[in-house]
Amino acid sequence: MLTHDNWIAVHFCALILLTGALTSEYFLFRRGMSIEQVRKLLIADGLAALALLLLFISGLMQLYSEPQGPIALLQLPSYRLKLVLFMLMALSFGYPSRLFYRWRQSLRRGRAPMVSTQQQLWVIWILRIDLLLLMLIPLLAHSSNA
């Protein structure tokens with residue numbers, strides 16, 4: 001069984017993986033991508049989804065292995081705000097992931113997918129907001145331990 005310290009290590013590794021995956025998605029995504037760039041984008045998206053899942057699981061395990069208990073931690077406003085920001089980030093991540101997932105059919109046919117201007121605008125802004133939220137959430141971590 002993993003200890004509290006091990007779950008913290010998994011949590012930080014997932015945070016680093018998510019940061020790297022979202023940053024690479026941000027720099028890879030643009031109009032006129034080649035098939036190879038789209039494949040890299042799909043890999044980065046899969047890694048980001050894995051990192052989100054690991055963050056969720058390790059966060060739950062930390063919550064329940066906390067000596068104060070989950071109820072005391074959930075009563076802190078900063079901890080609840082951190083949970084809301086994480087859920088907002090996870091929900092907003094759904095649009096780019098669904099868009100990228102639909103591109104697999106055109107990749108199988110050997111064609112790079114077409115990206116509309118509106119899709120590009122939405123995905124870029126969602127990735128920017130997710131990266132901003134990813135910066136804000138750890139800032140709340142110190143105040144939630146107080």
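Side-chain atoms are counted along with the backbone in the values below, which use heavy atoms only and exclude waters and symmetry mates. The residues of the chain are indexed from 1 along the displayed sequence.
- Taking hydrophobic clusters as Ile, Leu, Val, Met, Phe, Trp and Tyr residues chained together by side-chain heavy-atom distances below 4.5 Å, Val38 does not share a cluster with Met114.
- Interatomic distance, Gln120 CD to Met33 CE, rounded to the nearest 0.5 Å: 8.5 Å.
- Here Leu81 contributes atom CG and Leu88 contributes atom CG; the two are 10.5 Å apart, rounded to the nearest 0.5 Å.
- Between the OG atom in Ser78 and the CG atom in Leu139 there is a gap of 11.5 Å [rounded to 0.5 Å].
- Hydrophobic cluster of Leu121: the remaining members, joined at side-chain heavy-atom separations below 4.5 Å, are Trp125, listed by chain and number.
- Hydrophobic clustering (side-chain heavy atoms under 4.5 Å, transitive across Ile, Leu, Val, Met, Phe, Trp, Tyr) keeps Ile137 apart from Ile16.
- Partners of Leu83 by side-chain contact (heavy atoms from CB on, under 4.5 Å), not counting sequence neighbours, listed by chain and number: Leu74, Tyr79.
- The side chain to side chain donor-acceptor pair (under 3.5 Å) test applied to Arg80 returns no partner, not counting sequence neighbours.
- Not counting sequence neighbours, the partners of Arg111 by the side-chain contact (heavy atoms from CB on, under 4.5 Å) test are Arg109.
- Residues meeting the side chain to side chain donor-acceptor pair (under 3.5 Å) test with Ser92, sequence neighbours left out: Asp130.
- Taking the ring pair (Phe, Tyr, Trp, His ring centres under 6.0 Å) definition, one finds that Phe100 meets it with Phe29, Trp103, sequence neighbours left out.
- With sequence neighbours excluded, the residues that form a side-chain contact (heavy atoms from CB on, under 4.5 Å) with Thr117 are Arg31.
- For the atom pair CG (Leu42) and CG (Leu28), the distance works out to 10.0 Å, reported to the nearest 0.5 Å.
- Screening residues 15-29 for side chain to side chain donor-acceptor pair (under 3.5 Å), with sequence neighbours left out, gives Tyr26-Arg128.
- Taking CG of Leu22 as the start and CD1 of Ile129 as the end, the distance is 12.5 Å to the nearest 0.5 Å.
- A heavy-atom distance below 4.5 Å is found between the side chains of Tyr95 and Val123.
- Every side chain to side chain donor-acceptor pair (under 3.5 Å) that Tyr101 has, sequence neighbours left out, goes to Arg104.
- In this structure Phe12 satisfies the side-chain contact (heavy atoms from CB on, under 4.5 Å) test together with Ile8, Leu15, sequence neighbours excluded.
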Hey, can you pull the donor-acceptor pairs under 3.5 Å for the side chains in residues 43-60, sequence neighbours left out?
| residue | atom | partner | partner atom | Å |
| --- | --- | --- | --- | --- |
| Asp45 | OD1 | Ser97 | OG | 3.0 |
| Asp45 | OD2 | Ser97 | OG | 3.3 |
| Ser58 | OG | His11 | ND1 | 2.7 |
| Ser58 | OG | Leu54 | O | 2.8 |
| Ser58 | OG | Leu55 | O | 3.3 |

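- Taking CD1 from Ile126 and CG from Leu131, the interatomic distance works out to 12.0 Å, rounded to the nearest 0.5 Å.
- Apart from Leu91 itself, the hydrophobic cluster it occupies contains nothing, where clustering links Ile, Leu, Val, Met, Phe, Trp and Tyr at side-chain heavy-atom distances under 4.5 Å.
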